[in-house]
Amino acid sequence: MPIWRPWKGDDRQPGRKPDGGSLLAAKPGFGPTGLLKQEIVETLEQIESFVHKVHSGEIHPPHAPKFTDILSIGIGGSALGPQFVAQALAPIDPPLAIHFIDNTDPAGIDDILIELEHRLNTTLVLVISKSGGTPDTRNGMIELQKAYESQQIPHSSHFVAITGHDSKLEKLAKSEGWVATFPMHDWVGGRTSEMSAVGLLPAALQGIDIQQMLAGAKEMDSATRIQQLKNNPAALLALSWYFAGNGKGEKDMVVLPYKDSLLLFSRYLQQLVMESLGKEKDLDGNIVHQGIAVYGNKGSTDQHAFVQQLREGVPNFFITFIEVLEDRKGTSPEVEAGVTAGDYLSGFLQGTRKALYENQRDSIAVTIPEVNPRTVGALIALYDRAVGLYGFLVNINAYHQPGVEAGKKAAAAILDLQRRVMQALQEPKQSMSLVELADAAGASEEIESIYKIVRHLAANHRGVVLEGNLAQPGSLRVSAN
């Protein structure tokens with residue numbers, strides 16, 4: 001996990017890079033190289049300087065005194081981490097309000113563009129992509145470029161890149177004169193990037209204290225290095241997962257944070273845990289099919305949705321309760337004699353935990369005093385390190401994702417097939433059956449994929465006409481419009 005830690009004076013240093021490929025930083029001198037240590041510190045300073053200039057109006061849009069909004073374009077961990085932190089920590093009235101495009105769904109992009117229609121000229125757009133070639137992020141970027149063009153606003157005066165050195169995106173940003181660029185290193189996985197520029201820049205722009213986030217992560221780093229297992233929270237967590245699932249992921253992880261502001265924590269952990277631990281082979285090349293499935297939402301709302309099954313149904317899970325001791329800032333009114341709404345929330349947590357225990361259901365409880373930048377930074381670091389330690393326990397590489405890459409390649413193959421289908425429809429310009437179209441496109445074994453391609457194109461008026469019954473693909477005739 002890439003992470004900047006605050007140290008006394010100018011003694012700030014990042015951590016070392018273990019075999020897994022993430023940084024488990026703790027103290028000065030653990031950085032892999034002096035150059036890398038210097039770059040990490042300089043990037044943090046760059047973030048703080050940039051944010052100060054944006055907040056003060058020194059950096060501002062061409063025709064307005066200040067930026068009012070942030071639009072973050074990213075996918076996977078590049079979106080989930082910033083979304084979780086924004087939900088957990090953003091002030092009620094932030095210096096800049098944040099919005100996200102985290103999918104290549106045209107209707108979802110339209111929703112954001114409609115919301116920002118009259119503030120597009122004061123919106124700062126963060127484009128987050130290590131290479132600049134990630135299709136989802138690239139598509140969002142192009143859609144935003146066209147949205148700015150439609151309002152005759154130069155997009156370059158609103159765009160910021162967070163990307164790898166010498167990537168396509170960095171080259172584009174520099175050639176077009178974007179507002180700024182920030183680094184995203186090759187060895188930083190999206191799911192472990194929240195403590196890099198990917199997460200720290202949008203957090204700081206919202207007025208979140210990123211130094212306190214880093215301080216919390218630093219404390220968890222130090223605790224993770226304690227060799228006595230009972231005093232090492234990340235080791236205890238990893239061992240609990242191992243024990244619950246017999247080291248084979250035999251039980252799902254149900255995450256229940258009992259706080260509205262931690263609503264997205266289970267979604268954040270879903271990617272962190274499943275992408276890191278879901279592996280076909282171990283480090284010795286053996287087929288092991290490792291992984292832990294993660295789901296959940298928030299207590300007590302969602303315990304009503306599935307606690308009945310958790311207590312009395314298939315015992316194929318263990319629960320993680322996230323408990324927050326502080327109810328709210330200030331005192332709470334009583335909802336009945338001697339009882340507050342927060343007492344009920346705590347009671348639901350303790351009661352649910354006890355009811356599950358009585359039926360031999362496993363659970364883990366993680367307790368924090370309150371939700372603030374320091375505790376959120378510590379939570380992120382805790383689970384980052386637990387995932388890494390669990391990976392060592394089961395002898396897998398927790399820091400690569402071949403399955404994700406396979407999905408991306410398969411999607412690219414479908415788009416290539418779509419181009420061949422459209423080309424085949426042009427000559428001769430007559431209707432064809434799906435079988436004839438597949439032969440013409442040189443894809444006789446891809447009839448089902450071709451059916452789905454032409455169905456999608458026809459539904460969106462993209463130059464394809466279908467005649468026949470969609471429910472009976474053999475009856476369809478396909479032609480170019």
Side-chain angles (χ1 to χ4, degrees), residues 3-7 9-10 12 38-74 78 81-83 85-101 112 115-128 141 144-145 147-148 151 153-163 169-170 173-174 176-184 193-216 372-374 376-377:
I3 186 162
W4 295 282
R5 304 292 195 300
W7 298 94
D10 292 326
R12 293 175 294 184
Q38 178 184 353
E39 184 173 25
I40 291 175
V41 172
E42 287 177 350
T43 301
L44 179 57
E45 293 171 348
Q46 182 190 359
I47 289 171
E48 292 177 324
S49 173
F50 179 78
V51 169
H52 173 74
K53 291 177 180 178
V54 170
H55 287 171
S56 68
E58 183 177 346
I59 295 177
H60 60 88
H63 304 296
K66 286 187 177 182
F67 286 104
T68 60
D69 294 81
I70 312 158
L71 177 53
S72 178
I73 304 176
S78 298
Q83 285 172 333
V85 168
Q87 174 81 22
L89 299 175
I92 293 174
D93 187 20
L96 285 84
I98 195 163
H99 316 266
F100 294 92
I101 290 178
I112 295 296
E115 183 179 358
L116 291 174
E117 181 179 6
H118 301 299
R119 300 196 305 280
L120 207 59
N121 66 319
T122 58
T123 296
L124 188 66
V125 179
L126 309 182
V127 183
I128 307 172
M141 177 187 72
L144 260 293
Q145 288 174 337
Y148 276 95
Q151 293 193 19
I153 301 172
H155 71 268
S156 60
S157 58
H158 293 258
F159 277 36
V160 171
I162 302 175
T163 187
L169 182 57
E170 184 183 63
K174 290 184 176 180
E176 293 184 348
W178 288 15
V179 180
T181 61
F182 294 86
M184 184 178 183
S193 65
E194 180 54 32
M195 294 297 179
S196 73
V198 169
L200 295 179
L201 178 59
L205 286 167
Q206 293 170 83
I208 297 169
D209 189 341
I210 60 173
Q211 286 289 355
Q212 279 298 302
M213 287 180 63
L214 296 171
N372 60 30
R374 178 173 161 270
V376 167

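Start at 1 with the first residue, then count along the sequence. For the numbers below, each heavy atom of this structure counts, side chains included, while hydrogens, waters and symmetry mates do not.
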Ala204 to His55 - nearest heavy-atom pair and separation: O-CE1, 3.4 Å
Looking at Phe50 and Ala180, what are the two nearest heavy atoms and their distance? CE1-CB, 3.8 Å
Regarding His63 and Asn121, is there a side-chain donor-to-acceptor distance under 3.5 Å anywhere? no
For residues Leu89 and Asp209, determine if any side-chain heavy atom of one lies less than 4.5 Å from a side-chain heavy atom of the other. no
Taken in chain and number order and not counting sequence neighbours, the residues that satisfy salt bridge (charged side-chain N to carboxylate O under 4.0 Å, His left out) with Lys66 are none
For His158 and Val125, indicate whether the former's side chain and the latter's backbone hold a donor-acceptor pair under 3.5 Å. no
Could you list the residues that satisfy side-chain hydrogen bond (donor to acceptor under 3.5 Å, both in side chains) with Thr163, not counting sequence neighbours? Ser167
Beyond-backbone contact of Gln212 with Asn372, side-chain heavy atoms, under 4.5 angstrom: no
How far does CD1 of Ile73 sit from CZ of Phe100, to the nearest 0.5 angstrom? 11.5 Å
Give the minimum heavy-atom separation between Pro82 and Gly199, together with the two atoms involved. CG-CA, 4.3 Å
Applying side-chain contact (heavy atoms from CB on, under 4.5 Å), run through Leu200 and Leu214 and close with a yes or a no. CA-CA 9 Å; Leu200 295 179; Leu214 296 171; 4.2 Å; yes
pair Gln211-Glu48: side-chain heavy atoms closer than 4.5 Å: yes
Say you draw a straight line from OG1 of Thr68 to NE2 of His118; how long is it, rounded to the nearest 0.5 Å? 13.0 Å
Indicate the atoms forming the closest heavy-atom contact of Pro91 with Pro94, along with that distance. O-CD, 3.3 Å
Flag side-chain contact, heavy atom, 4.5 Å: Leu205 against Ile98: no
Interatomic distance, Ile59 atom CD1 to Leu124 atom CG [nearest 0.5 angstrom]: 8.5 Å
Could you go through Leu116 and Arg119, starting from their C-alpha distance and side-chain angles, then the distance that decides it, and tell me whether this counts as side-chain contact (heavy atoms from CB on, under 4.5 Å)? CA-CA 5 Å; Leu116 291 174; Arg119 300 196 305 280; 3.5 Å; yes
Counting only N and O atoms by type, is there a donor-acceptor contact under 3.5 Å from the side chain of Gln46 to the main-chain atoms of Thr181? yes
Using atom types as modelled and distance alone, determine if a side-chain donor or acceptor of Gln206 lies under 3.5 Å from a backbone N or O of Pro202. yes
Between Leu201 and Val160, is there a side-chain heavy-atom distance shorter than 4.5 Å? yes
Pairwise distance CD(Glu115) to CG(Leu120) - rounded to 0.5 angstrom: 11.5 Å
Any donor and acceptor pair, going by atom type alone, linking the side chain of Gln151 with main-chain N or O of Glu117 inside 3.5 Å? yes
Identify the two heavy atoms, one from Ser78 and one from Val198, that lie closest to each other, and give their separation to 0.1 Å. CA-CG1, 3.9 Å
Between CZ on residue Phe159 and CG on residue Leu169, distance to nearest 0.5 Å: 10.0 Å
Would you say that Ile101 contacts Leu144 through its side chain, given a criterion of any heavy-atom pair below 4.5 Å between the two side chains? yes
Under 3.5 Å donor-acceptor, Tyr148 side chain and Ser156 backbone: no
Flag side-chain contact, heavy atom, 4.5 Å: His60 against Thr122: no
Shortest non-hydrogen contact from Thr123 toward Ile70: CG2-C, 4.3 Å
Candidates Glu45, Gln38, Glu39 - the one meeting side-chain contact (heavy atoms from CB on, under 4.5 Å) with Val41: Glu45
